Amino acid sequence: MKRHLLSAADLTLEDATLVLDTAEELEKVSERTVKKLPTLRGRTVVNLFFEDSTRTKTSFELAAKRLSADVINFSAKGSSVSKGETLKDTALTLEAMGSDAVVCRHSWSGAPANLSRWIRGSVVNAGDGTHEHPTQALLDAFTMRRRLGRIEGLKVTIVGDILHSRVARSNVLLLKTLGADVTLVAPPTLLPVGVEVWPAQVSYDLDAVLPKSDVVMMLRVQRERMGAAYFPSVREYSRRYGLDVRRVTALSDDAIVMHPGPMVRGMEIAPEVADGVRSTIMEQVANGVSVRMAVLYLLLGGSEPAIGSDS
Ligand code: NCD
C-alpha cells in the first residue's frame, strides 16, 4: 500500500483485496460487546472536514476509536478557517500537534493531494469536490462481495448524478481493478465530459439495463453543486431515472440495491425500495466502519496482526 489513499486508482488489485480481507477480519470486533482493539494505541488521527458529512465523519471517528487511536475532530465551522487561515496552515498546525493521519473532506477537488505534499503523516481522502471518495468505493465493494460472494464479473449499474459524484468516480476505478463490469445511467446533462474514456459503458435507458444488473447503485442529485437546471423537474427525473417499486420487479432475484447516502426518498429511490430486502443501505453504513478501520490500520503501518493475540 502507498502511504496515502487519495484515489481508488492508488490501489492495485492486491492492495484492494488486502483492505477487503483485513476489513473482514476486523469486522469480528464490531460484533463483540467490547468493540475495541489496541492496534493504534498512541497514534493520532485528525478528521479534517471542510464539508458537511454524517456517515463518513462518524464512521472514520468510530473506526479510529475502535483501534484505540486518539481522534481530533476538526470542522471548518467554528475554527480559524473562518478567520481566513489556509488549508496549508491549518494542516501544519494540526501536524505540529503530532497527528499521524489526516482524514480530509473538502469541496476542492485535489485538496487531500495537496495536503499529502505538505505534511508527513498519511492522508486519506474522505471526499474531495467532485473528484473521488475512495473509502466509499471500498465499502461498496466490501458490501457487494459480502452479499454476492464475488466482485469479478458482476454487472454494476450506477444511476444518477454521475457528473458531480465522487462516489461514482471512485467506484468506476475500483470496480475496474476488481474486474466488475460497470454501466453508468444518467441524463446526458449529468454525465461528465470525457466519460467515453472511463472504463464503463453509458446508457440513457434504465429499464433496458436493469434486468442485466447484479448491482444497482443509486446516486443523489447534488443540487448544492449545481448552478443551473440540469433536468426539467424532479417529477421528470424520477420518472426516467428513479428506482421505484415497478422498476425493481425487473431485477433478477439476487440483485441488490445500493445507495451511499444521503438519499432523497421519493426522488432517486422510492422509500419501499430503500427499505426493501434488496437494499444494502444500512449494511453499507455498518461495513464502512470495518473498511475504514482496515484502511487506517494498513496506512499507519500495521505490521502486527490487525487482531493481536492479546486482544
Ligand atoms: C456522498 C458524498 O459525500 O460524496 N455521500 C457519502 O459520503 N456517503 C454522496 C452524496 O453526497 O450524495
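One-based numbering, in listed order, for ligands and for the atoms of each. All values reported here derive from a predicted model rather than from experimental measurement.
Near ligand 1, residues Thr56, Arg105, His133, Gln136, Arg166, Val167, Arg220, Gln222, Pro260, Gly261, Pro262 come within 4.0 angstrom through at least one heavy atom.
The side chain to side chain contact (heavy atoms under 4.5 Å, CB included) check on Arg55 picks up Pro262, Val285, with sequence neighbours excluded. Applying the side chain to side chain contact (heavy atoms under 4.5 Å, CB included) criterion to Thr135, with sequence neighbours excluded, gives Leu5, Phe60, Val124, His133, Arg292, Val295.
Applying side-chain contact (heavy atoms from CB on, under 4.5 Å) to Leu67 and the options Leu26, Leu300, Val45 leaves one that passes, Leu26. The only option from Lys2, Arg169, Glu132 that meets the side chain to side chain donor-acceptor pair (under 3.5 Å) definition with Ser7 turns out to be Glu132. Residue Leu175 is tested with Thr177, Leu173, Asn171 for a side-chain contact (heavy atoms from CB on, under 4.5 Å); the sole match is Asn171.
Pairs engaging residues 267-284 under the salt bridge (charged side-chain N to carboxylate O under 4.0 Å, His left out) rule: Arg147-Glu283, Arg265-Asp275 [sequence neighbours left out].
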